[in-house]
Amino acid sequence: ETDVVIIPSECQNYPLIKTDITVNTLSNLVGGSISFSGANLTVTNAFANFGAFNLGIDDVLKFSGTGEQLVDLGNMSYRRITIDKTEGSINFTNGFSADHFIARTTTPLSLFFAEGSVVDVDHLVLYGLAGESGAYNNLLTIGSTGTWYLKATDCHHIRGVNLSNC
């Protein structure tokens, strides 16, 4: 995907997405708004949210693709976040909260969180799997250059993960 989407402030009408979409980059600026109803958003490169970002009850914010991704979730709350990358890394520039955060991989993948960031998740699933047997081979690496904070308040499943500085 090569689409770059910027949601500005002070618009009379803001997008209501009713079908799944994939974009390269999405920036929702301060005062901007984007809503989803029965649709998932997949981002293959950069994501920044500083405005209103409204997912429906079953809608998912997905990060996919290969290579490095820069993600700024704006210290805001989200319903469902899924990491669906085949390789590479995601650098989260600050914290967030989510009802569901799921990262599963069968190839090496790294998630990095900014120093001091707080990740507050109700349902947390982190799996680093490899091989037909589903052996856990620590393919998912999660960390930071400094201390970051992970709070999983409800159901959590973690297998095959190298977790550091948490």
Side-chain angles (χ1 to χ4, degrees), residues 1 17 19-26 28 34 36-49 53-166:
E1 288 299 315
I17 310 299
T19 186
D20 293 354
I21 61 169
T22 300
V23 298
N24 176 282
T25 301
L26 187 134
N28 187 21
I34 185 168
F36 295 82
S37 178
N40 298 319
L41 170 64
T42 301
V43 179
T44 60
N45 190 8
F47 178 85
N49 181 39
F53 189 87
N54 305 301
L55 289 172
I57 202 161
D58 291 322
D59 301 339
V60 179
L61 172 58
K62 295 181 183 181
F63 297 100
S64 70
T66 61
E68 183 178 329
Q69 284 182 277
L70 186 63
V71 174
D72 187 337
L73 294 171
N75 285 313
M76 295 186 189
S77 296
Y78 299 84
R79 295 202 43 81
R80 297 175 188 270
I81 298 173
T82 299
I83 308 302
D84 191 23
K85 293 176 65 67
T86 55
E87 63 183 71
S89 64
I90 297 181
N91 292 305
F92 292 92
T93 60
N94 54 38
F96 61 90
S97 63
D99 293 341
H100 299 267
F101 183 86
I102 300 168
R104 292 185 178 113
T105 187
T106 56
T107 58
L109 174 64
S110 298
L111 305 180
F112 297 105
F113 295 91
E115 183 173 358
S117 63
V118 176
V119 176
D120 186 351
V121 179
D122 289 338
H123 300 279
L124 177 68
V125 177
L126 303 172
Y127 285 152
L129 303 165
E132 291 180 18
S133 66
Y136 297 99
N137 290 337
N138 293 334
L139 294 176
L140 182 58
T141 301
I142 301 176
S144 174
T145 56
T147 302
W148 64 287
Y149 306 92
L150 172 63
K151 179 181 175 186
T153 55
D154 197 356
C155 180
H156 52 280
H157 303 277
I158 302 173
R159 299 283 187 272
V161 178
N162 289 322
L163 189 61
S164 67
N165 293 339
C166 184

Mind checking what makes salt bridge (charged side-chain N to carboxylate O under 4.0 Å, His left out) contact with Asp20, not counting sequence neighbours? none
Under the salt bridge (charged side-chain N to carboxylate O under 4.0 Å, His left out) test, residues paired with Asp84 that sit two or more places apart: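 In terms of salt bridge (charged side-chain N to carboxylate O under 4.0 Å, His left out), with neighbours along the sequence ignored, Asp84 is linked to no residue.
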With side chain to side chain contact (heavy atoms under 4.5 Å, CB included) as the test, would you mind laying out the steps for Val71 and Val43 before giving the verdict? CA-CA 10 Å; Val71 174; Val43 179; over 6 Å; no
Apply side chain to side chain donor-acceptor pair (under 3.5 Å) to [X] and list each qualifying residue two or more places apart in sequence or on a separate chain.
X     : answer
Asn54 : Ser35
Asn49 : Asn28, Tyr78
Glu68 : Asn91

Side-chain donor or acceptor of Gln69 paired with backbone N/O of Lys85 under 3.5 Å: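 Not at all, since once roles are kept as given, no pair shorter than 3.5 Å links the two residues.
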What I'd like to find out is whether the side chain of Leu109 reaches to under 4.5 Å of the side chain of Ile83, using heavy atoms alone. yes
Residue pair Leu150 / Ile142, side-chain heavy-atom distance below 4.5 Å: no
Interatomic spacing from CZ in Phe112 to CG in Leu70 - rounded to 0.5 Å: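 It comes to 13.0 Å.
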Value rounded to 0.5 Å, distance of CG in Asn75 from OG1 in Thr93: 8.5 Å
Using distance only, find each side-chain donor-acceptor pair of residues 96-104 under 3.5 Å and give its atom names and separation, not counting sequence neighbours.
from, atom 1, to, atom 2, distance (Å)
Ser97, OG, Ser77, OG, 2.7
Asp99, OD2, Arg79, NH1, 3.0

Tell me which donor-acceptor pairs under 3.5 Å the side chains of residues 115-123 have, and how far apart each pair is, sequence neighbours excluded?
from, atom 1, to, atom 2, distance (Å)
Ser117, OG, Ala114, O, 2.7
Asp122, OD1, Thr153, OG1, 2.7

Taking only residues two or more places apart in sequence or in another chain, which ones pass side-chain contact (heavy atoms from CB on, under 4.5 Å) with Ala48?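 Result, side-chain contact (heavy atoms from CB on, under 4.5 Å) vs Ala48: Ser27, Phe50, Asp72.
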Listed partners of Asp59 passing side-chain contact (heavy atoms from CB on, under 4.5 Å), at least two apart: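 Partners of Asp59 by the side-chain contact (heavy atoms from CB on, under 4.5 Å) criterion, ordered by chain and then number, come out as Phe36, Asn40, Leu55.
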ring-ring contact (aromatic ring centres under 6.0 Å, His included): pairs with one or both residues in residues 55-76, sequence neighbours excluded: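 For residues 55-76, and leaving out neighbouring residues, the ring-ring contact (aromatic ring centres under 6.0 Å, His included) pairs sorted by first residue read Phe47-Phe63.
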